[in-house]
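Every value quoted in this text rests on a predicted model; they were computed, and no experiment measured them. Lettering of chains follows the sequences in order, A, B, ..., and the numbering in each one begins at 1.
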Amino acid sequence: MRRPLPRSFYARPTVEVARDLLGKIILHGEASGRIVETEAYLGIDDAAAHTARGITDRTRVIFGPPGHAYVYLIYGMHECLNLVAEPEGVAGCVLIRAIEPVSGIAGATNGPGKLTQALGITRRHNGCDVTRGPIVVSALPKVEPFEIGVSKRIGITKSADLPLRFYVKGNPFVSRK
DNA sequence: GCTATGATCATA
DNA sequence: ATGATCATAGCA
């Protein structure tokens with residue numbers, strides 16, 4: 001039941017991965033939740049992405065093999081979880097913006113900084129393989145159909161008008177309507 | 001070495 | 001609308 005999504009799932013265009021991640025389950029230890037909101041960050045032609053200026057110590061993992069976690073600290077206090085997409089050598093990652101609690105969740109999960117807190121994910125998990133653990137992403141055996149909404153990304157100043165945010169329409173746990 | 005800035009959130 | 005708080009990046 002909790003078989004991880006294969007690496008081939010992530011080795012695709014970032015936008016496809018971002019959209020298909022909706023409805024998937026992310027788990028860490030006892031905690032788990034259903035992904036209801038994501039954002040795509042492209043490697044090229046995307047000034048908002050951390051990879052816009054190439055490989056650095058921080059962005060190295062995003063250029064690495066797909067299916068790995070990219071976790072970083074923002075505003076000196078919040079950790080954000082991303083999943084690396086695209087084949088190795090190509091930059092692209094998906095920010096997990098909100099999850100719907102499934103089990104073992106304490107606290108709110110309707111925001112990038114909040115869900116990492118609730119799942120117990122920190123920068124120590126940067127670079128870990130999401131097809132192996134300790135953080136795992138898997139598909140649900142049975143999926144209820146849902147509508148996908150698209151909008152501009154939230155909280156960025158560059159390339160702010162691109163429609164790269166995806167969310168489960170009507171879900172109460174998305175960070176915004 | 002120094003400084004500006006940021007993929008956020010809670011509070012007011 | 002603002003403040004908290006610090007790692008990263010760009011530059012001197």
Side-chain angles (χ1 to χ4, degrees), chain A residues 9-10 12-24 26 28 31 33-86 90-101 105-128 130 135 137 148-169 171-177:
Chain A
F9 175 91
Y10 303 94
R12 296 183 293 145
T14 308
V15 169
E16 283 182 32
V17 177
R19 202 176 41 222
D20 292 349
L21 239 16
L22 293 177
K24 300 297 189 288
I26 180 162
H28 177 231
R34 178 173 171 256
I35 299 173
V36 297
E37 182 180 349
T38 63
E39 275 179 8
Y41 284 87
L42 315 179
I44 52 170
D45 294 332
D46 185 2
H50 291 165
T51 47
R53 289 185 197 123
I55 298 180
T56 67
D57 283 334
R58 180 173 65 155
T59 62
R60 179 161 293 110
V61 54
I62 309 175
F63 287 85
H68 287 249
Y70 167 52
V71 187
Y72 68 96
L73 183 72
I74 188 65
Y75 296 119
M77 51 184 71
H78 300 292
E79 328 252 1
C80 291
L81 169 66
N82 299 249
L83 300 178
V84 176
E86 306 278 355
V90 182
C93 65
V94 178
L95 170 66
I96 310 301
R97 284 197 58 86
I99 63 175
E100 174 182 333
I105 296 285
T109 57
N110 60 327
K114 297 193 225 177
L115 83 268
T116 51
Q117 177 87 19
L119 286 172
I121 293 172
T122 72
R123 280 165 286 168
R124 296 200 326 281
H125 297 100
N126 187 46
C128 80
V130 170
I135 301 170
V137 180
I148 295 176
V150 183
S151 81
K152 298 173 182 180
R153 291 174 295 185
I154 294 173
I156 56 173
T157 56
K158 304 163 189 163
S159 303
D161 290 333
L162 303 177
L164 295 177
R165 170 174 174 257
F166 305 92
Y167 58 96
V168 175
K169 260 191 189 172
N171 188 286
F173 295 94
V174 299
S175 65
R176 286 170 35 169
K177 299 280 179 177

Contact boundaries on DNA chain C for chain A, cut-off under 4.0 Å to non-hydrogen atoms: C/dA4 to C/dG10
A/Thr116 meets the side-chain contact (heavy atoms from CB on, under 4.5 Å) criterion, sequence neighbours left out, with A/Glu79, A/Leu81, A/Ile121
Among A/Lys114, A/Lys169, A/Arg97, whose salt bridge (charged side-chain N to carboxylate O under 4.0 Å, His left out) with A/Glu37 holds? A/Arg97
A/Leu164 versus A/Glu39: any side-chain heavy-atom pair under 4.5 Å? no
Please list, in numerical order, the residues of residues 43-71 of chain A that have a heavy atom closer than 4.0 Å to any atom of DNA chain C. A/Arg53, A/Thr56, A/Arg58
Below 4.0 angstrom, which residues in residues 90-101 of chain A have at least one non-hydrogen atom near DNA chain B? A/Cys93, A/Leu95, A/Arg97
Numerically ordered, the residues 108-127 of chain A set in heavy-atom contact under 4.0 Å with DNA chain B is A/Gly111, A/Pro112, A/Gly113, A/Lys114
Dot-bracket for DNA chain C, please, read 5' to 3', with Watson-Crick or G-U wobble pairs under 3.5 Å on both distances, ( ) within the strand, [ ] crossing, | other strand, . unpaired. ||||.||||||.
Any A/Thr157 side-chain N or O less than 4.0 Å from OP1/OP2 of B/dG6: yes
A/Arg176 to A/Tyr167 six-membered ring, cation-pi geometry met (6.0 Å, 45°): no
Are any non-hydrogen side-chain atoms of A/Asn82 and A/Tyr72 less than 4.5 angstrom apart? yes
May I ask you to test the A/Thr109-A/Leu119 pair for a side-chain heavy-atom distance under 4.5 Å? no
For the backbone of A/Ala18 and the side chain of A/Thr38, can you confirm whether one donor and one acceptor N or O come within less than 3.5 Å of each other? yes
Heavy-atom closest pair (A/Ile135 atom, A/Cys128 atom, distance to 0.1 Å) is CD1-SG, 4.0 Å
So does A/Glu86 get a backbone contact from the side chain of A/Thr14, meaning a donor-acceptor N/O pair under 3.5 Å? no
On the six-membered ring of A/Phe63, is A/Arg60 placed so that its NZ or CZ lies under 6.0 angstrom from the centre and within 45° of the ring axis? no
Nearest-Å distance for atom pair CZ/P, residues A/Arg153 and B/dG6: 14 Å
Nearest heavy-atom neighbours spanning A/Ala118 and A/Ala106: CB-O, 3.7 Å
Between A/Asp20 and A/Arg12, is any pair of side-chain heavy atoms under 4.5 Å apart? yes
A/His78 has an atom NE2; how far is it from atom C1' of B/dT11, in whole Å? 12 Å
Side-chain touch A/Leu83/A/Val17, heavy atoms, less than 4.5 angstrom: no
Evaluate the side-chain proximity of A/Tyr41 to A/Ile156: yes if any heavy-atom separation is below 4.5 Å, no if none is. yes
Taking the side chain as everything from C-beta on, heavy atoms only, tell me whether A/Tyr70 gets closer than 4.5 Å to A/Arg58. yes
